[in-house]
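Right, one structure below, let's go through it.
Below, chain A is the first sequence line, B the second, and so on; all start at residue 1. Computed from a predicted model, the values in this text were never measured in an experiment.
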Amino acid sequence: MGLDYQLVLWNKHKKTYDKVILIGMLLYIILFASITLVFNSETSIETLVIRAFGTLAILMLHIILIIGPMARLNTRFLPLLYNRRHLGVSMFIAALIHGGFSIFQFHALGDVNPIYSLFTSNMDYDSLTNFPFQVLGFFALLILFAMASTSHDFYLANLSAKIWKRLHMLVYIAYTLIIFHVFLGAFQQETSLFTIVAMCLGFLIITGLHIITGIKEVTIDKQQGTYGDPNWLKVCDIDEIEEDRAKIFTVNNERVAIFKYEDKLSAIHNVCKHQGGPLGEGKIIDGCITCPWHGYQYLPSNGQSPPPFTEKVAIYELKIIGSDVYIKPKALAEGTEVIPINISK
Amino acid sequence: MSKNDDFYVGYIDHVAPKTKGFLKRFVAITLFLIVAVAVIFSLTQSTFKNSTFELTSTTQITGIYHENPYPMLRVPINHNSYKNIVLLGFGKSSVNPYLQKVMNEVVTLDKKEITVEGNLIYYNGKTLLQITSQEKVSLTHSLKNISSNIPISKLGQKTLDGEIIDPKCYFGVMKPGKGKIHRSCAVRCISGGIPPVFATKDQYNNSQYYLITDQNGMPINKDILPYIGKPSIIKGYVEEQEDWSIIKINTNDINIVSSTSDIYQ
C-alpha cells in the first residue's frame, strides 16, 4: 500500500521478481540468438531481432495468463501475482521491439506512411490463408500498450478499479489476436510441427486453467446459506471458519467474507478496492484484513483501510445462535462502524 | 500445517519457507521452459539462404547505363562478357531520383558510361546495387571499346510457376525475402519503383529469375501489386538479355495457386 504515487514502490520481493524477469528474458534472447547464429548463420540481424523478441513476448504472455488462474487454484502462486504488472510491462517491451522492427522493416522507407502501408499493402481481408496477419499483431500491440501504460496505481485509482479491470481484461482479446497473427502469418510459411504443437499446448493450458478456475468460482457462488428468518441468513457453523481467516458466501448476489479473529466475527464485502482481490482469501494481520493479492488492508469492524489510507468496503451485520452464524443480507454503507460479534458470549 | 502459517504479503520481507521453496521450484521450471522454447523456436526456422547485402560498405562500379526497361549498369567482366547490375534507390524506392543529377547533364543517359557507388546486393549469380545519394553517380569516360548494344535472344511464349518477388529483398536485404511473411514489404518495394522479378525453378531444379514487364516491354509496378508474394503461374513472352531474362506479361494472365511453389523448397 502507498499514499503517494511513485514510479515503482520498490521492496525486496519486487526487486527479486524483476531480477528473475530480466534473467529469463536475457536467457531466452541469448539462447535464441546463439542457436540461430550457430545453426542458421545466414540470418539477418533484423530477422533475428524480430523473431527472438516476438517468440519471447508470446512465451511471456502465456506465463502471465497462467499465473492468474493458478493463483486462484493454489495460493502458493500468489507471490507471482503480486508483481505481475512488471512482467506485463516487460512483455509489452518485448512485443514492442518485435512490432517496431517489423513495421520499420516491412513498411518504412516506402512510398506511403508505414501505418497506412500496414493496412493496405495486403488487401486480402476476405481470404483466410492470405489474410494480412500483421494488422492483427498491430491491434494486439495497441491493447498491450494501453495495458502497459496504465499498469500503475495512479491509473487504477483514477480510472476506478472496475474500469481498470475491464481495460486489462482486454489481454484476452490481445491473446486471441496474437494466436491468429501467428497462425495466419509465421505458421503459413515457417511450418514446423514442434512450434505449432507448442502454441496449441499453450492455448489448451490457458483455456483449461481458466475453465477449472471458473468451475471453482461457481462452487463458491453456490455457498449461499439458508433463511431461517426473513432478515437473517444462516451461513455456517463457527468452527467452519479458521482463526484469522474467513469463509466466503454469496449474499444478495454479492460475495461476503466472514472473518474469525480474537474470539470475534466480522463480515465485509469480499472485493478489495485496489484490484478486486478476494479479501475472504486473505488473513488478519496486525488486526487488519489483508488482501492476498497486494496486501491492501481493512479494519474488520468498519471495512475502512487504517488511516491515513482511505479505501472502504461495505460491511454486514452478523449474529450467532448456538454455534450457527447468521448474516443480515442487506449491506451497510462502506465504512459503517459495526461492533464485531463476540463468539464466547 | 495450517494455511495461517503460510500467507504471503509482498511488502513484508519474511516469506514462509514452504512458499520460498515452492517459488524456487517454479522459477527453476520456468527457466527450463524458457530454454526449451528458445531451442524449439530457433532450431525450427527454415534455412536462410546465403544472399548478401553489404549494408556497411560501399563499392564503386563503372559501366554502361541502360534501361531495358529497368535501370541497369552493364559492366564488363571479361572479354565480351558482361554483367548487368540492377540499380536501386534507398529503402523501398526506385533509383530514378538518384540519377536525376546526371540525367540533367546529358540529353539521354541511355548507353552512357557512368560510375556509381553504393551497397552491393548479390545472390545466385544476380547482382544489384543500392544507391543512396545523387552525389554517388557521375558521368565518366574510362571504358574503351565496349559495345553498347545488348544481344537479345527471343525465347518465345513460356508458362512459369513460382512467385513474384521484389529483387532487392530477395537477393539479400531481407531474410526471408519471399512468401507471406515478406509480402507486404515486397508490395511496398515494387510500389516504390523496384522492378518486379519472377522467381521460379527449371526442370533441373535450378533457380531462374525473370524481370517482369508489361506486354510492350515497359516497366510494370502498380498493376502487379495484388499478385506479389503468392505462389502463382504466369505466362508471357520471354527474352534473354545476357545474364537477365525478361518476361512480358498481361497481369490478367497471372493465376494465383493454392499449392506451394518449388521456390520454397
Main chain of [Y], side chain of [X]: is a donor-acceptor contact present, judged purely on distance under 3.5 Å?
X      : Y      : answer
A/Q189 : B/P176 : no
A/K12  : B/G10  : no
B/K230 : A/N130 : no
A/T55  : B/F41  : no
B/Y11  : A/G295 : yes
A/E46  : B/M174 : no
A/H13  : B/D13  : yes

Between [options], the one whose heavy-atom pairs under 4.5 Å with chain A are most numerous:
options             : answer
B/L33, B/L43, B/L55 : B/L43
B/L23, B/T19, B/L31 : B/L23
B/V9, B/I194, B/V37 : B/V37

Under 4.5 Å to a heavy atom of chain A? For B/V35 that would be both
B/T30 versus chain A, the contacting section by heavy-atom distance below 4.5 Å: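 Interface part for B/T30: side chain.
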Indicate the atoms forming the closest heavy-atom contact of [X] with [Y], along with that distance.
X      : Y      : answer
B/T47  : A/N40  : CA-OD1, 3.5 Å
A/G185 : B/I181 : O-CG1, 4.3 Å
A/T129 : B/K180 : O-NZ, 2.6 Å
A/L31  : B/A38  : CB-CB, 3.9 Å

Cut-off 4.5 Å, heavy atoms of chain B, and the answer for A/F77 is both
Are side-chain heavy atoms of [X] and [Y] found at a separation under 4.5 Å?
X      : Y      : result
A/R76  : B/K18  : yes
B/C185 : A/Q105 : no
B/Q45  : A/F32  : yes

Exercise for the section: Flag the pair B/R188 and A/D111 as a salt bridge only when some basic side-chain nitrogen lies within less than 4.0 angstrom of an acidic carboxylate oxygen. Expected result: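 Answer for the salt bridge query: yes.
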Basic-acidic side-chain contact under 4.0 Å: B/K49, A/E42: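 No, no charged N to carboxylate O under 4.0 Å.
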